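All of these numbers come straight from a predicted model, not from anything done at the bench. Residue numbers start from 1 in every chain, and the chains themselves are labelled A, B, ... in the order their sequence lines are given, proteins ahead of strands.
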Amino acid sequence: MSSGTASGETSGGAARIALVDVNNFYVSCERVFDPRLEGRPVVVLSNNDGCVVARSQEAKSLGIATGVPWFQVEPLARRWGLVARSSNYELYGDLSSRVMELLGRFGVWQEVYSIDECFLGLPGSEAQLRTTAGAIRTAVGRRVGVPVCVGVAPTKTLAKFANHIAKRNPGMGGVCSLDSMPAGDIERIQSRVPATGLWGVGRKTGQRLAALGIETIADLKAADPLMIRKRFSVVLQRTVLELNGTACIPPIDEHADKQQIIFSRSFSSPVTTAEEMDQVMAVYAQRAAARMAEDGLRASVLTVTAGTSRFAGGAASFPSASVQLPAPTQDPIQLTRAAVGAMRGVFEAGQKYVRAGVLFTGLEPADAQEAFDPFVSDLDQRHIGDLLGSVRAKFGEAAIGLGQGGLAAPAAWSMKREFSSPRYTTEWKDLPVVRA
DNA sequence: TCTGGGGTCCTAGGACCC
DNA sequence: TCTGGGGTCCTAGGACCC
C-alpha cells in the first residue's frame with residue numbers, strides 16, 4: 001500500500017492525513033438496531049460478561065470506567081437506568097467492514113488501523129478538507145448509522161491528536177483540522193495534556209519521561225529526538241518527529257500475513273481436572289485451527305497456556321508449553337492432539353484454572369502442498385479441515401467438532417453471554433423485522 | 001460467587017559462528 | 001589462567017494499541 005504522507009509544513013494543497021473513528025463503537029453498533037438505547041447509559045461487556053469494554057457517553061458521565069468488573073456495576077444498574085449488552089463481535093465486525101468500505105471512497109489511500117478507525121490520505125485546500133470531513137460524517141451516519149469523529153493533520157500522530165480534540169469538544173461538530181486552529185490554541189492544549197495522551201505513549205513510558213521532566217505533549221515535542229532514540233526507542237523518536245510535522249510512521253501493510261493466531265478465553269466456571277482441560281484444549285485448538293484455515297495459513301509452532309485467577313489468593317499457576325510441529329500444518333487433528341498433549345505435560349491437577357489459550361506461530365501460507373507426513377496415512381484426513389469449515393459455515397459454529405471438541409451441549413466452563421443482541425446482519429434468522 | 005481478547009513491534013540477551 | 005571482535009539468528013519479555 002502506498003502512503004501518500006507528505007511532511008510539508010505548508011497548508012493549502014499539501015496532502016493531509018485524516019484519522020476517522022467511530023464514537024463508542026460497540027455501543028453505537030448496538031444502537032443501530034435498538035434505537036431505545038439512544039440517549040441512555042449503555043455498556044458492552046467482555047466475554048463471559050466479565051467487565052466493561054465499551055461505554056456510551058452517558059455511561060462515561062456516570063463515572064463508569066473501562067475495565068471495571070460488571071458485578072461491581074450491576075447493583076447500581078437499575079437506579080441508573082443502565083443497559084448492559086454482551087459483546088456481539090459478529091455484528092461489530094460486519095458493521096466495521098461497511099464503515100471501512102465507505103470511508104475508503106473518500107481518501108486517495110486508506111489504512112485500516114483497528115475495528116473502528118482508519119487513516120485516510122486527503123488532498124486539497126484547507127476548505128476542501130473541511131468539506132470532505134463533513135461529508136464523511138454525513139455519509140457514515142446516513143448509510144451505516146454510527147457517529148464518527150475526524151481529525152486532520154500533517155502526520156498520523158497529529159491526526160490522532162486532532163481527533164482527540166474533536167472528541168472532547170462537542171462544539172467542533174466532530175471535526176478538527178489542526179491547520180485551521182490558531183497556533184496559540186494548539187500550544188495551549190499541548191502544554192496542558194500529559195504526554196500519555198498521545199498515541200504510542202503508555203503508562204510506563206510516561207513515568208520514565210516524567211522522571212526526565214517531560215510531562216506534557218509540549219515537553220515531548222521540544223525534546224531532542226536523538227536523546228529520545230538513545231534513552232527510549234525508535235518508536236518514541238518517531239513520535240517526537242511526528243509532533244514536529246515530519247511524517248515518519250511507516251504505512252500499515254494490511255495484506256501482510258499474520259504473525260500469530262490466538263484463541264484464548266476465560267471460563268464461566270473454573271476447570272480443575274485434566275479431563276476437563278483436555279476438552280478445553282480440543283475445543284480451543286479447533287477454533288484456532290478454523291481461524292487459521294480461513295486465513296489460508298499453517299503453523300509450525302503451537303503454544304498452550306492456562307492460568308488461575310489473578311484475584312484469588314493461594315498458589316498461582318500459569319502453565320505454558322510450546323511444541324515444534326513435525327511439519328507446518330493446518331490439520332485440526334494433528335493440532336488438537338498436539339495441544340492436548342502439550343497441556344497434559346504442564347497442567348497441575350487441583351488448581352482452579354479460570355482461563356486457557358492456544359497460540360499458533362511460525363505461520364506461512366498454506367497454498368503449497370502439505371508436507372508429507374508418514375503418520376497421516378489416510379489421504380482424506382488432509383481435507384478434514386475443509387470439511388469441518390464448510391459444515392460450520394452452513395450449520396453454525398457448534399454444528400461439528402472432532403472428538404472432545406464435538407460437544408453436543410455446552411460444557412460447564414463454556415462462555416456465558418446473557419445479554420447478547422441478535423446477529424442482525426450476519427444471520428438470516430436474526431434479520432430485523434420492520435412493521436409499517 | 002462474579003475481573004477480556006487479540007494483536008504488533010522493539011529490545012536485550014544468549015547461542016553460535018568465524 | 002590469561003585472552004577479541006564482529007556478526008547473525010532466535011527467543012523471551014516488555015510495552016503498547018484498541
One pair to check against salt bridge (Lys or Arg N to Asp or Glu O under 4.0 Å): A:Glu58 and A:Arg31. What are the steps and the verdict?
CA-CA 13 Å; A:Glu58 298 80 6; A:Arg31 281 175 170 169; 3.0 Å; yes
What do the steps show when you test A:Phe263 against A:Phe360 for ring pair (Phe, Tyr, Trp, His ring centres under 6.0 Å), and what is the final call?
CA-CA 9 Å; A:Phe263 190 89; A:Phe360 296 148; over 10 Å; no
Encoded 5' to 3' (Watson-Crick or G-U under 3.5 Å; [ ] crossing; | other strand), DNA chain C becomes ....||||||||||||||
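Among the candidates A:Val20, A:Val150, A:Leu102, the single residue satisfying the side-chain contact (heavy atoms from CB on, under 4.5 Å) test with A:Val140 is A:Leu102.
Checked against salt bridge (charged side-chain N to carboxylate O under 4.0 Å, His left out), A:Glu276 has no partners two or more places apart in sequence or in another chain. The salt bridge (charged side-chain N to carboxylate O under 4.0 Å, His left out) test applied to A:Glu242 returns no partner, not counting sequence neighbours.
Salt bridge status for A:Glu74 with A:Arg78: absent, with no side-chain N to carboxylate O gap under 4.0 Å. Taking a cutoff of 4.0 Å between a charged side-chain nitrogen and a carboxylate oxygen, A:Asp430 and A:Arg423 qualify as a salt bridge. At a threshold of 4.0 Å, the pair A:Arg229-A:Asp224 does not count as salt-bridged, since none of the basic side-chain nitrogens sits closer than that to a carboxylate oxygen. One finds a salt bridge joining A:Lys258 and A:Asp295 here, because a Lys/Arg side-chain nitrogen approaches an Asp/Glu carboxylate oxygen to under 4.0 Å.
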Less than 3.5 Å apart, which donor and acceptor atoms pair up between the side chains of residues 197-213 of chain A and the rest of the protein, not counting sequence neighbours?
residue: A:Trp199; atom: NE1; partner: A:Tyr113; partner atom: OH; Å: 3.1
residue: A:Arg208; atom: NH2; partner: A:Arg231; partner atom: O; Å: 2.8

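Of all non-hydrogen atoms in A:Asn23 and A:Ser28, the two that sit nearest each other are O-OG, 2.6 Å. When every heavy atom of A:Ser414 is checked against every heavy atom of A:Asn48, the shortest pair comes out as O-OD1, 4.5 Å. A:Ile115 and A:Ser96 make their closest contact through O-OG, 2.6 Å (heavy atoms, listed as atom of the first residue, atom of the second, distance).
Between A:Ile249 and A:Thr155, every side-chain heavy-atom pair lies at or beyond the 4.5 Å cut-off.
Interface limits on DNA chain C: the 5'-most and 3'-most nucleotides within less than 4.0 Å of chain A heavy atoms are C:dA15 to C:dC18.
Non-hydrogen atoms lying under 4.0 Å from DNA chain B are contributed by nothing in residues 206-224 of chain A. Listed in residue order, the members of residues 193-205 of chain A having a heavy atom less than 4.0 Å from DNA chain C are A:Leu198, A:Trp199, A:Gly200, A:Val201, A:Gly202, A:Arg203, A:Lys204, A:Thr205. Within residues 64-81 of chain A, the residues having any heavy atom under 4.0 Å from DNA chain B are, by residue number, A:Pro69, A:Phe71. Residues from residues 257-268 of chain A lying near DNA chain B, meaning a heavy-atom separation below 4.0 Å, are A:Lys258, A:Gln259, A:Gln260, A:Ile261, A:Ile262, A:Phe263, A:Ser264, A:Arg265, A:Ser266 in numerical order. Contacts with DNA chain B (heavy atom under 4.0 Å) in residues 40-48 of chain A: A:Ser46, A:Asn47, listed by number.
Within the structure, salt bridge (Lys or Arg N to Asp or Glu O under 4.0 Å) contacts touching residues 306-316 of chain A (residues at least two apart or in different chains) do not occur. Residue pairs meeting the side-chain hydrogen bond (donor to acceptor under 3.5 Å, both in side chains) criterion with at least one partner in residues 162-178 of chain A, sequence neighbours excluded, are A:Asp21-A:Asn163, A:Asp21-A:Lys167, A:Glu126-A:Ser177, A:Asn163-A:Lys167, A:His164-A:Arg168.
Heavy-atom contacts from other residues, nucleotides or ligands closer than 6.0 Å to NZ of A:Lys60 number more than 12.
The residue A:Phe25 sits apart from the nucleic acid: no heavy atom pair falls under 4.0 Å. Within 4.0 Å (heavy atoms only), A:Arg355 reaches sugar-phosphate atoms of the nucleic acid but no base atom. Heavy atoms of A:Asp116 sit under 4.0 angstrom from primed sugar atoms or phosphate atoms, though from no base atom. The residue A:Arg229 sits close only to the backbone: its heavy atoms come under 4.0 Å of sugar-phosphate atoms, none of a base.
The main-chain N or O of A:Tyr89 is never found under 3.5 Å from a side-chain atom of A:Ser87 such that the two would form a donor-acceptor pair. A donor-acceptor pair is defined here as one N or O able to donate and one able to accept, closer than 3.5 Å; no such pair exists between the side chain of A:Gln237 and the backbone of A:Ile228.
Between the side chains of A:Arg355 and A:Ser264, at least one donor N or O lies within less than 3.5 Å of an accepting N or O.
Positionally, the nearest nucleotide of DNA chain B for A:Pro270 lies more toward the 5' end than for the other of A:Phe232 and A:Pro270. Along DNA chain B, the nucleotide nearest to A:Ser233 and the one nearest to A:Lys416 differ in position, and the one closer to the 5' end is contacted by A:Lys416.
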